[in-house]
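The structure appears below as C-alpha cells.
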Amino acid sequence: MRKVLEVSLETLAAIGGFVDIGDIVANSETGARFRMSLAWGGVLGVIGIVLYAEMSGRVATLSHRPVFDLVRERLGARVALVNLVASFFINFLTLTAEIAGVAVTLQLASGINYLAWIPLVALMVWFTMWRVKFSVMEKVYGLLGLALIVTVVAVFRLHEFHTIVREATNLHRPSTEDWPTYFYFAIALFGAAMTPYEVFFFSSGAVEEGWTRKDLMVNRANVYIGFPLGGALSLAIMAGAALLLAPRGISVDHLSQAAIPVTFVLGKLGLGILIFGMGIAFFGAALETGLSGGYIVSQFFGWQWEKFVKPVDAPRFHLVILVSVILAAAFGLTTVDPVKVTEYSIVLSAAALPLTYFPILIIANDPEYMGDKTNSKFSNALGFFYLVLLTAIAIATIPLMIITKAGA
Amino acid sequence: MRKLLPVVALAVLPACVGPALWFDAYAGKAGATASDMRSTVETARFVALVAARGRALSPYVGVILTDAEQDASAIEGAFDSIQPPNPRADQLRGQLDELLSKASSTISEMRIAARRDQLTQLQQIAQPLAGISDQLETFAEAHTP
Amino acid sequence: MTDVAKRVIDAGLNLLDRQIIDKDGMMSGNVDDLELTVPEEGGPPVITAILAGPGALARRLGARSGAWLESLHVRLHPSEQPGPARIAFGVVKRVADHVEITVSRSDLDVSRFEKWVRKHVIGKIPGARA
Amino acid sequence: MSVRDLAGTQIRFSDLLRMLVLDVESQEVGRVHDARFVKDGPVQGAFGPGYRLQGLVVGTGSFGARLGFDRASVKGPWPLKAMFRRLHANAKFVDWSQIDSIDGERIRLNVPAASLRPVEPLPS
C-alpha cells in the first residue's frame, strides 16, 4: 500500500514537473499561429522523451552511472567535450529563461517589474539547491505544479473538443505560413518536450536516490504515465491559444498573453491558479537546469557531484551551480527578452540531442551493464528511429533558423 | 525581434533592385507591421473585455497593457524608420501611420486607466480599437505578399 | 581474483574515462590517461599508474582546448614543471564500472583544485558543512 | 626507437592511441584504436599482477571505435551495429612481438600486414 502511494505521488509529481517555460512558450505561440496543425510536433517530442527518459533511468539504475558519465566513456574525451560545451550552453539559456520566467509570473501577480524580482528568484533557486533534500524538492514542485491543470479545465469549458481533435488529426499547413516556418515551429515544439536537461536530471536523480531493480517500476510509472499527462497539459495550452488567440490574430510575444485563454474562460481564480502553477513549474525547472549544469560538468571531469553529500564534500559541483545561477541572473537582468531566450533554448535543444542520446541507446543494449534488462526490439526500433530523426533535425535546425529569421 | 525585422530586412536589401520591387518589399513590410499591430490591439481589447467583467486581477491587466503599449510604440517606431521608396509608398505609409498612431495612443490611455485601477472604464476607452483592428486586418490582407 | 578485475581488457574500452572512487566511496576524478612503463629487463609495457586531472586530460583534447587547459594547469600548480596527477596502480582495488582505489582522495594531487574551492569559496558559505 | 631500447621508459596511453602503424614494407596498416592488456604482468602493490600489454587493436576509420560495437557484447540496434561492424571489419590485432620500433607518431612492424590476425572478441 505504501509503495502504491509512493508510486502515485511520484507519478503525480512527474506530471507537474514535466512542464516548463519552453512548453508554455512553444505551445502558446504555435497554437496562436498554427492552431492545432502542429500538435503532432509536441506528440512526437513527448514520445521521444518518454522513450529516452525511461532508457536513461533504467541505465542509471542498473549501471549506477548517470548519462554524462556514459557520454564521456563511449564518445571519448574530445567528442564528449563538444557535447559538454553545447549542452551546458543550452542548459544555461534554459536556466536564464526559467529564472526570468518565475520573475515574470511574480510581475503578473504583483505588478512590480520582473527585473526587480530576478535577484530574489535567483537567490531562492540557489538556496533550494544548496539546502533542500533532493526527494523533497522534486516532489514539492512537481505536486504544486499540478495547478497547471487549469489549462485543461479551461479547454474543456470551451466545449470545442471536437474542433481541437479534428484540427490536430488533420495534418496540414495553414495557407498563411510557409513550409520552412512550419517545420521550424515543429522543431521548437519537439525541442520543448525533449530538452536535454531532462535526461541529465532524471538519470542523475536515479543515481542520487540509489535506485535499484525494485525502483524500475516507479521509473516506468513516472515516465509512461507522468510524462504523457504532462504533455497533455502542454497540448491544452496549445488548444486554448488555438481556440481563443488565433481567431483574433493575437501572436504570443509575452508570457502574459499566454494566460489570456485561461483568464477569459475561468476568470480571476483561474488566472491566479495559472500564474501560481507557471511560477512553480518554472521554479522547478530552474532547479533541474541549475543542478543539471553541475551534474554534467562534474560527470565529465569525474568530480564528486551528488547532492546528498555535504556541499564541502562536493565543492566543485556546488561552485558550478553557484556560478551558473549568478551568470543566469546577470544575463536575465540585461533586459534580454525571456520569451526570446526560451525560443532559442528549445530550438537549439533539439539540435544538440543526438550526442547525448546515442550513448544511452548503446549502453541500454549492453548486457554487461544491463543484465537481462537490455532494450526490447520495440524500444530499439523506436530508439533508432528517433536517433535518425534527431540527427536530421540537428542538421536542419540552423539553416531553418536562418531561412525563417528564427520563425518571424 | 519580430517587430524589428522589417527594418533590418529593408536595410540589407541590395541597392540594385528596381523601384517596383522596392515598392513590393515596402508594401510587404507594411502588411506585416499591420498584422503585428493587430495582434497587440486585439490583446488590449481582450483584456478590456475580461477586466470589464471583473474577471482579471488588476496587476495582470496593468502588466499586459504596459507590454502592449511598449509593443505598439516599438512597432510604430520601427515602421516609421523605414524609408518609403516612392510617392506610391508615401501614400501607403500615410494610410498605415494613421492607424498605428491611433492604436498606440488608445492603448496608452488604457494603460493609464488600468494603473489607476479604473478597470471598468477600460472597455469604453477601448471602443475605437474595434474599428482599428478591422482596418488593420484588411490592410494586412491587402498587402501580404 | 576475478573479483578484482577482468583478466583481459581493452584499456580504451574498459579503463579509460571511467570514474575513480576513493576508499570512502567519494568520486575522485576520471581515468584521464594511463602511464605505461616498459620494464628494465625489456618486454611489453605494463600499466603502472592512472593519470588524472587537467594535466592529463589536456593532451587528449587536441590542439587548442588542450593547450589552454595545460597552461591553466601549469599556472595554477605550485611546482615549476608539474606533470599530471599520478595514482600508482598499486593502490587500485578494483576495476569494474568504476575504478576503486584504497587511498583517500584528500591524499591525491588530483584534488588540489577541489581543496582550493572548498577552502576559499564553498566552505565559506553558511550551511556548507551540514 | 627500437623496441629493445624502450626498456625502462614510460609511454602515455593517449600517445599510443591514434599512432600510425606501418608494416615491414612501410605499407599503412591503420591507426591504433585501443590496446589489449592481460593481468599477468609484474605485481603492482595491492592490485596484484599488473596489466601487461598484449597487443594493439589497429584499424582504419577511427569514428566510433570507442563505442564498442565491434568488441563488446552490445546487441543492437541492428542498423547501428551492422554499420559499425562494417566500418571496423578490417581491424587487425598487432601482437607486441610484431612491433619493430616506435618513433614519435609511427609504429613500425616487423611483419607484413597480410600476416596480421583479425581482432578476437574480448572474453567476458
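Predicted model, so just to flag it, every value in this text is computed and none were measured. Reminder, nothing fancy here: chain letters follow the sequence lines and each chain counts from 1. We use all heavy atoms of the structure for the numbers below, so side chains are in, but hydrogens, waters and symmetry mates are not.
The number of heavy-atom neighbours closer than 6.0 Å to NZ of Lys115(C), taken from other residues, nucleotides and ligands shown, is above 12.
Most heavy-atom pairs under 4.5 Å with chain C: of the set Val43(D), Asp40(D), Ile99(D), Leu6(D), this distinction falls to Leu6(D).
From Leu34(C), atom CG reaches atom CG of Asp15(D) across 11.5 Å, with rounding to the nearest 0.5 Å. With rounding to the nearest 0.5 angstrom, the CZ atom of Phe13(D) is 14.0 Å from the CZ atom of Arg59(C).
For the pair Arg7(C) and Val38(D), the minimum side-chain heavy-atom distance is below 4.5 Å. You'll find the side chain of Leu16(C) stays beyond 4.5 Å of the side chain of Asp34(D), heavy atoms only.
Interface remark: Leu16(D) contributes side-chain atoms only to the contact with chain C (heavy atom separation under 4.5 Å). Residue contact with chain D, scored on non-hydrogen atoms closer than 4.5 Å, involves the side chain of Asn14(C) exclusively.
Along residues 39-51 of chain C, the residues that come nearer than 4.5 angstrom to chain D, judged on non-hydrogen atoms, are Pro39(C), Glu40(C), Gly42(C), Gly43(C), Pro44(C), Pro45(C), Val46(C), Ile47(C), Thr48(C), Leu51(C) in order of number.
Residues satisfying the side chain to side chain donor-acceptor pair (under 3.5 Å) criterion with Thr102(C), sequence neighbours excluded, are absent altogether.
Using a distance-only test at 3.5 Å, with no hydrogens or angles considered, no donor-acceptor pair links the side chain of Asp33(C) to the main chain of Arg12(D).
Of the residues listed (Arg36(D), His33(D), Gln54(D)), the one engaging Asp10(C) in a side-chain contact (heavy atoms from CB on, under 4.5 Å) is Arg36(D), and it is the only one.
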